[in-house]
Number of protein chains: 2
Amino acid sequence: MTHTTLGDVARTAGVSLATASRVLNGSTTVRADLREKVMAAAEALAYRPNAHAQALARASSQVVGLICHDVSDPYFAAVARGAMRVAADHDLMVMLASTFRDPDREIAYVSTLRAQRARAILLAGSAFQDPAWERALDAELTPYQEAGGRVAVLSRHRARADAVLPDNRGGAASLARALLGLGHRDFAVLAGPPALTTVADRVRGFREALAEAGVRPAPDRVVTGDLTRDGGHAAARELLSRGPLPTCVFAVADVMAIGALTAFREAGLRVPEDVSLAGFDDIPVVADLTPPLTTVTLPLEDLGERLMTLALAPAPRRRHHRVPAEVTLRASTAPPRPA
Amino acid sequence: MTHTTLGDVARTAGVSLATASRVLNGSTTVRADLREKVMAAAEALAYRPNAHAQALARASSQVVGLICHDVSDPYFAAVARGAMRVAADHDLMVMLASTFRDPDREIAYVSTLRAQRARAILLAGSAFQDPAWERALDAELTPYQEAGGRVAVLSRHRARADAVLPDNRGGAASLARALLGLGHRDFAVLAGPPALTTVADRVRGFREALAEAGVRPAPDRVVTGDLTRDGGHAAARELLSRGPLPTCVFAVADVMAIGALTAFREAGLRVPEDVSLAGFDDIPVVADLTPPLTTVTLPLEDLGERLMTLALAPAPRRRHHRVPAEVTLRASTAPPRPA
DNA sequence: CTGAAAGCGCTTACAG
DNA sequence: CTGAAAGCGCTTACAG
């Protein structure tokens with residue numbers, strides 16, 4: 001890679017490196033004729049300053065890192081969109097990484113982003129409830145932060161960092177109450193990997209609210225699957241194989257609910273006539289499903305915007321932005337059919 | 001940002017910069033005891049080499065740029081996923097940019113990626129059919145390529161670069177033939193911005209195949225909208241307002257078809273009983289819609305993988321990977337109701 | 001206002 | 001095998 005350098009520009013403009021640098025950085029203290037020459041030379045040579053050299057000389061970079069579990073998951077796609085919008089407003093580039101829910105890979109990416117001297121590192125994926133992982137993550141984050149790096153996390157993490165905290169537990173509880181309100185007493189839960197804080201919080205909130213009403217789903221009515229469309233599909237099939245269907249099914253994420261919806265249809269079951277179905281997140285497409293999905297609405301793009309904004313505006317102490325999660329009732333849930 | 005430096009490591013290990021560098025780069029020519037000391041020091045200091053300094057010294061960087069129109073569009077999300085997977089295999093980080101279909105922003109991002117000395121720049125978004133834009137893009141791409149940068153584009157571009165070319169025109173033609181085969185003669189098209197090559201190619205292929213059968217949709221049956229869910233929703237409403245519905249509607253992208261499907265349902269129309277509907281792309285969710293959507297299948301993740309692979313494996317001359325597009329018939333299309 | 005020079009944090013011939 | 005030194009492409013006090 002032999003790109004044009006500042007030296008080339010200075011030479012063809014007949015000025016010193018310093019002057020060329022000043023012009024290109026918008027300093028106003030340069031004589032007009034020299035400025036012209038430098039601009040012309042840069043233009044003629046299609047010059048672009050080497051961002052690495054600038055980062056080194058200025059000891060600051062124009063990149064920010066965003067780590068998520070999977071960009072192609074609509075939840076993260078929406079969060080990334082919001083975060084990238086804010087980054088663009090600040091003339092920052094974002095390095096995006098997908099861990100595919102591999103804890104080790106998450107840590108490796110943080111390390112890489114640290115090497116890149118990213119201005120900030122955003123952890124958009126749910127944390128893993130695993131002390132060893134937390135320690136390893138901390139071992140990367142701490143030196144990064146001590147060196148001036150900024151960290152912001154989405155959802156509950158143990159990391160000492162600014163955080164955007166969607167009310168997963170409260171949202172799930174509200175949903176449970178709404179479903180109880182429709183008359184349901186017989187529930188199943190399609191859960192994701194319990195090691196993920198987000199999953200744990202949602203399951204917990206849902207169970208707690210049911211318990212308040214004296215309702216407890218049987219253990220075999222809580223099915224674990226991948227936090228994906230296919231995971232939801234498989235979990236729903238597993239549920240069907242375990243015996244009589246409950247009147248209402250809660251999938252801890254919309255992507256799982258989508259898979260479940262199709263599994264139910266394939267089994268000849270109608271939603272909500274035969275079984276009510278609810279999800280969580282309110283990713284864009286669920287309102288276009290048939291029936292439109294009842295879910296817990298999170299302002300996804302907004303979450304991403306806040307996350308980036310938090311990371312970019314240093315504060316004396318840690319900040320926690322709690323974000324309410326609201327139940328959105330749609331046609332996929334209805335009162336249970338009288339037995 | 002004052003991170004630990006190689007100098008710190010060398011000092012605490014009691015060796016020279018060169019030796020420390022060698023150990024950390026895996027050189028085998030370093031005495032075992034010194035190697036140990038260096039490793040220990042690096043570990044103790046939580047040292048991470050400065051990627052900018054490395055890029056400068058080695059004249060090569062570990063990043064590759066990916067420019068798309070909108071990460072939160074499932075089409076790009078899937079393409080990005082594939083591209084990122086390949087990047088991860090090569091230990092490369094990807095800088096992701098969304099242009100939101102703003103031609104100027106696209107060029108600005110190419111320029112920024114050039115400044116980052118990205119190893120490769122991938123243009124995943126459809127090109128704009130606009131000579132001024134093409135010139136401006138070329139003005140960025142040419143110096144980048146001359147300096148050794150690699151460029152790969154997805155879908156038809158005029159740029160002199162490696163290309164992955166989904167058969168948009170052929171796929172749309174095949175779809176048209178399949179729909180004619182069902183008995184349809186009365187079509188509408190929900191089209192995106194005609195300045196996009198992808199849109200132009202799909203509309204053209206569809207029209208050509210209809211023409212071969214002596215069928216021509218009336219001009220007011222071709223409605224233009226944004227290439228989004230909302231754009232499809234609006235276009236479908238506009239179509240409805242223009243008079244009697246055709247028997248079959250082709251949306252040039254699945255995201256538009258999703259919006260159209262909901263618009264039809266809101267209007268009390270049943271798909272496919274009252275109107276058949278088909279899309280293009282086969283983004284993951286369309287198989288879970290009710291009815292599942294007939295569409296033209298593109299191997300989206302694969303597209304992204306190929307794009308990245310192409311960019312990473314330099315070749316003596318330009319390569320064009322043509323990717324077939326296959327019709328996938330699902331329940332959203334059916335023979336027209338006898339009049 | 002302008003330029004020579006030092007420095008950012010690495011890598012890598014080149015000596016020894 | 002190891003180290004001193006030059007160099008990567010910039011920026012920015014410091015002189016003048």
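Reminder, nothing fancy here: chain letters follow the sequence lines and each chain counts from 1. Because only heavy atoms are used, hydrogens play no part in the values below, and waters and symmetry mates are left out as well, while side chains stay in.
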Between [atom2] of [N] and [atom1] of [X], the distance in whole Å:
X	N	atom1	atom2	answer
B:Q116	D:dC8	CD	P	21 Å
A:D8	D:dC10	CG	C1'	13 Å
B:L24	C:dT12	CG	C1'	15 Å
A:L6	D:dG7	CG	P	18 Å
A:R114	C:dG9	CZ	P	15 Å
B:K37	D:dT2	NZ	P	10 Å

Separation between NZ of A:K37 and CZ of A:R35, rounded to the nearest 0.5 Å: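 A:K37 atom NZ to A:R35 atom CZ measures 14.0 Å (nearest 0.5 Å).
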
On DNA chain C, does the nearest nucleotide to A:A18 precede the nearest nucleotide to B:H52 from the 5' side, or the other way round? Give the residue.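 Closest to the 5' end, via its nearest nucleotide, is A:A18.
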
Of B:L56 and A:T19, whose nearest nucleotide on DNA chain C comes first from the 5' end?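 Its nearest nucleotide lies further toward 5', so the answer is A:T19.
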
Looking at [X], I'd like to know whether one of its side-chain N or O atoms comes within less than 4.0 Å of OP1 or OP2 on [N].
X	N	result
B:Q54	C:dG9	no
A:S16	C:dA4	no
B:Y47	C:dC10	yes
B:R58	C:dT11	yes

When you compare the side chains of [X] and [Y], does any donor N or O come within less than 3.5 Å of an acceptor on the partner?
X	Y	value
B:T197	B:S126	yes
A:R156	A:T198	no
B:R81	A:S72	yes

Of the candidate nucleotides [options], which contains the atom at the shortest distance from the side chain of [X]?
X	options	answer
B:A57	C:dT12, D:dG7, C:dT2	D:dG7
A:L17	D:dT2, C:dG9, D:dT11	D:dT11
B:N25	C:dC1, C:dT11, D:dT2	C:dT11
A:N50	D:dC1, D:dG9, C:dA4	D:dG9
A:A53	C:dG3, D:dG7, D:dG9	D:dG9
A:S21	D:dT11, C:dT11, D:dC1	D:dT11

Say whether, by atom type as modelled, one donor and one acceptor occur between the side chain of B:T99 and the main chain of B:R101 under 3.5 angstrom.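 Yes; at least one donor-acceptor contact below 3.5 Å.
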
Look at the rings of B:W133 and B:H157 and say which category their plane angle falls in: under 30° parallel, 30 to 60° tilted, over 60° perpendicular.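 B:W133 and B:H157: tilted rings.
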
Parallel, tilted or perpendicular: which describes the rings of A:H52 and B:H52, with under 30° parallel and over 60° perpendicular?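 A:H52 and B:H52: tilted rings.
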
When Watson-Crick pairs (N1 to N3 and N6-O4 or O6-N4) and G-U wobble pairs (N1-O2 and O6-N3) count only below 3.5 Å on both distances, what is the dot-bracket string of DNA chain D, with | for other-strand pairs? |||.||||||||.|||

Base D:dG3 paired with B:R22 side chain (donor-acceptor, <3.5 Å):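 Side chain to base: pair found, below 3.5 Å.
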
Under 4.0 Å between any heavy atoms, over every strand shown, what does A:T5 touch: base, sugar-phosphate, or nothing? Just pick one.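 The answer is sugar-phosphate, as A:T5 gets under 4.0 Å only of primed atoms, P, OP1 or OP2.
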
Write down the atom of A:T5, the atom of A:Y47, and the distance for their closest heavy-atom approach.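 Reported closest heavy-atom pair: C-CE1, 3.4 Å.
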
